[in-house]
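Each remark here refers to the structure printed beneath this line.
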Amino acid sequence: MQTFYIETFGCQMNAHDSEKVIGTLLSQGYTQVAKPDQADLVLYNTCSIRDKAEQKVFHRLDEFKRSGQGKVFGVLGCVAQQEGERIFERAPHVSLVAGSASYARLPEMLVQLESGNRRVTGLSLHNDQAFDTPFTKRDNPHRAYITIIEGCDKSCAYCVVPFTRGPERSRTSASVLNEARELARMGYIEIQLLGQNVNSYRDPSPAALDFARLLRAVGQVDGIQRVRFTTSHPRDFVKDIIDAIDENPALCNHVHLPVQSGSSNVLARMQRLYTRDEYMRRIEWMKNARRDISITTDIIVGFPGETETDFEQTLELLDQVEYDSLFSFKYSRRPNTAALDLEDQIGEQEKSRRLAILQEKQRAIQVRRNSDLIGKLEEAFVEGYNHATGQWIGRTTQNRTLNFVHPHFPAPREGASLAGTSWNVRVTRAGPNSLAGEVVV
Ligand code: 5AD
Ligand code: SF4
């Protein structure tokens with residue numbers, strides 16, 4: 001085997017895992033190709049958070065049921081961990097099934113594949129160490145991910161992650177900070193700290209930093225101009241995190257704090273370990289901060305037993321918090337989870353109805369909040385150029401997309417681009433999901 005192709009589904013943790021898998025394969029002498037047809041080894045790094053995500057990988061594998069002869073197929077990530085060896089039965093042309101807790105064993109698993117083993121697995125979750133590798137093929141030349149904690153020790157009633165990513169393992173602060181310094185030396189300006197629940201980060205070394213202290217330390221790395229983190233859990237979200245953001249402008253003033261529901265009854269049945277009031281206390285910390293902290297969230301509609309009144313409480317929460325953006329989902333029944341067998345599952349149509357109402361409400365809030373920014377100055381970091389619109393694609397510290405024109409630099413020229421630079425942009429237009437503006441020179 002010489003060449004490999006990889007397709008990634010799911011969250012940023014998965015995207016970053018793929019960067020490490022790719023780095024590992026390259027270090028073993030493989031070459032990455034852009035299309036599965038050209039590859040000897042075809043890998044899917046999968047997501048099983050909702051049923052739809054899980055089905056994607058099986059569609060992909062079905063496409064190659066006949067035409068895949070001569071190729072080796074591997075399923076990585078959350079579906080691999082969840083379905084395990086059942087994948088070999090469902091898709092007999094698959095030869096490798098490995099969950100994220102086993103990636104440290106990838107070189108060894110590759111050797112097994114090369115020697116002709118067609119049933120190679122990495123499915124153990126008994127692993128007390130985070131996957132640390134010097135081989136990471138980063139996708140973006142300016143913004144880099146750093147995993148600080150893997151796995152999840154919570155047991156939200158709807159969620160597969162504790163089963164697919166196993167128990168929590170934090171990296172040492174020294175290893176995180178060394179990686180951040182190395183990235184700064186390589187020219188990266190933005191770092192995104194990753195974990196299923198970054199707030200429960202606990203440095204296993206004697207330094208014993210908690211998340212807020214780690215965040216402060218990363219924010220002080222020379223050359224790193226922006227630091228983001230995802231994702232947070234309200235139960236473990238402490239005020240000190242807000243204090244850290246207030247102290248250092250390199251820490252972006254954006255917090256993604258998934259609420260899931262505005263009803264304390266639903267939250268209790270979801271086993272979220274906080275009430276609506278406790279969640280709102282955290283929102284108050286942010287609203288009272290010195291910096292203008294942008295707040296975003298995740299919401300699930302149609303959790304088993306969610307009444308019309310529960311749902312209305314979620315709608316009312318949107319008005320109260322005024323999120324800058326949210327991800328919303330219809331509840332999806334997942335294997336192994338506590339909610340799987342709950343009575344009173346909500347019908348598909350009713351879930352769709354609630355989702356549409358919620359999204360419409362949030363859209364109006366975003367239109368209003370974004371319009372308030374017209375005329376204001378925002379610092380935009382450039383991520384690329386949109387040839388169709390003739391605008392630079394920028395991002396503000398609050399994580400809004402701010403597309404803009406530059407009077408002296410209307411387009412990339414001779415390979416020179418503004419990507420990785422930052423500009424003061426006057427906002428001139430606002431939509432529900434992005435802003436547009438022009439550079440002030
Ligand atoms: N059904 C619907 N949405 C889910 N999420 C997690 N599990 C489920 C599920 N079973 C959502 C949550 C989480 C986000 C990443 O995905 O809102 O915060
Ligand atoms: Fe999907 Fe969750 Fe796994 Fe990320 S951790 S890939 S969102 S199931």
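All ligand and atom numbering here is 1-based and tracks the order in the structure.
Listed by number with element, the atoms of ligand 1 under 4.0 angstrom from any heavy atom of R50 are 1 (N), 2 (C), 3 (N), 4 (C), 5 (N), 11 (C), 16 (O). Residue-ligand proximity, Q260 to ligand 1, at heavy-atom distances under 4.0 Å covers atoms 12 (C), 13 (C), 17 (O), 18 (O). Applying the 4.0 Å criterion to heavy atoms of Y331 picks out, from ligand 1, the atoms 1 (N), 2 (C). Within the listing of ligand 1, atoms 5 (N), 6 (C), 7 (N), 8 (C), 9 (C), 10 (N), 16 (O) sit less than 4.0 angstrom from a heavy atom of I49. Distances below 4.0 Å separate heavy atoms of R165 from the following atoms of ligand 2: 3 (Fe), 5 (S).
Aromatic ring orientation, F64 versus F73: tilted (interplanar angle from 30° to 60°).
Using a distance-only test at 3.5 Å, with no hydrogens or angles considered, no donor-acceptor pair links the side chain of R50 to the main chain of S48. In this structure, the side chain of R119 engages the main chain of V94 through a donor-acceptor pair within 3.5 Å. The backbone N or O of I6 lies less than 3.5 Å from no partner atom in the side chain of S18, so there is not a single donor-acceptor pair. Of the possible polar contacts, one joining the R333 side chain to the L340 backbone as a donor-acceptor pair under 3.5 Å is found.
Between S48 and ligand 2 there is a heavy-atom distance shorter than 4.0 Å. Using 4.0 Å as the threshold, M13 has no heavy atom nearer than that to any atom of ligand 2. Not a single heavy atom of Q12 sits closer than 4.0 Å to an atom of ligand 2.
Remark: minimum distance from atom 1 (Fe) of ligand 2 to any protein heavy atom is reached at C47 SG, 2.4 Å. From the protein, the heavy atom lying nearest to atom 2 (Fe) of ligand 2 is V161 CG2, 3.2 Å. Ranking the protein heavy atoms by distance from atom 7 (N) of ligand 1 puts Y158 CD1, 3.3 Å first. Of all protein heavy atoms, the one closest to atom 1 (N) of ligand 1 is S332 N, 2.9 Å. In terms of protein heavy-atom proximity, atom 4 (Fe) of ligand 2 is nearest to C11 SG, 2.3 Å. Of the protein's non-hydrogen atoms, the one nearest atom 3 (Fe) of ligand 2 is C78 SG, 2.2 Å.
A side-chain N or O of T397 and one of N253 form a donor-acceptor pair less than 3.5 Å apart. Looking only at atom types and distance, the side chain of K52 has no donor-acceptor partner in the side chain of S332 under 3.5 Å away. With no hydrogens or angles considered, no side-chain donor-acceptor pair links S200 and D236 at under 3.5 Å. A donor-acceptor contact closer than 3.5 angstrom links the side chains of Q366 and N433. No side-chain donor-acceptor contact under 3.5 Å links S175 and N178.
Checking only distances, R334 never comes within under 3.5 Å of ligand 1, N or O to N or O.
Of the listed residues (Y279, Y158, Y331), just one forms a side-chain hydrogen bond (donor to acceptor under 3.5 Å, both in side chains) with Q260, and that residue is Y158.
With atom 2 (C) of ligand 1 as the reference point, the heavy atom nearest to it among K52, K330, H256 is part of K330. Looking at I299, I300, D298, it is D298 that brings a heavy atom closest to atom 14 (C) of ligand 1.
By the criterion of a heavy-atom distance under 4.0 Å, the side chain of F329, and not its backbone, is placed next to ligand 1. Counting heavy atoms closer than 4.0 Å to ligand 2, residue Q196 contributes side-chain atoms (C-beta onward) but none from N, CA, C or O.
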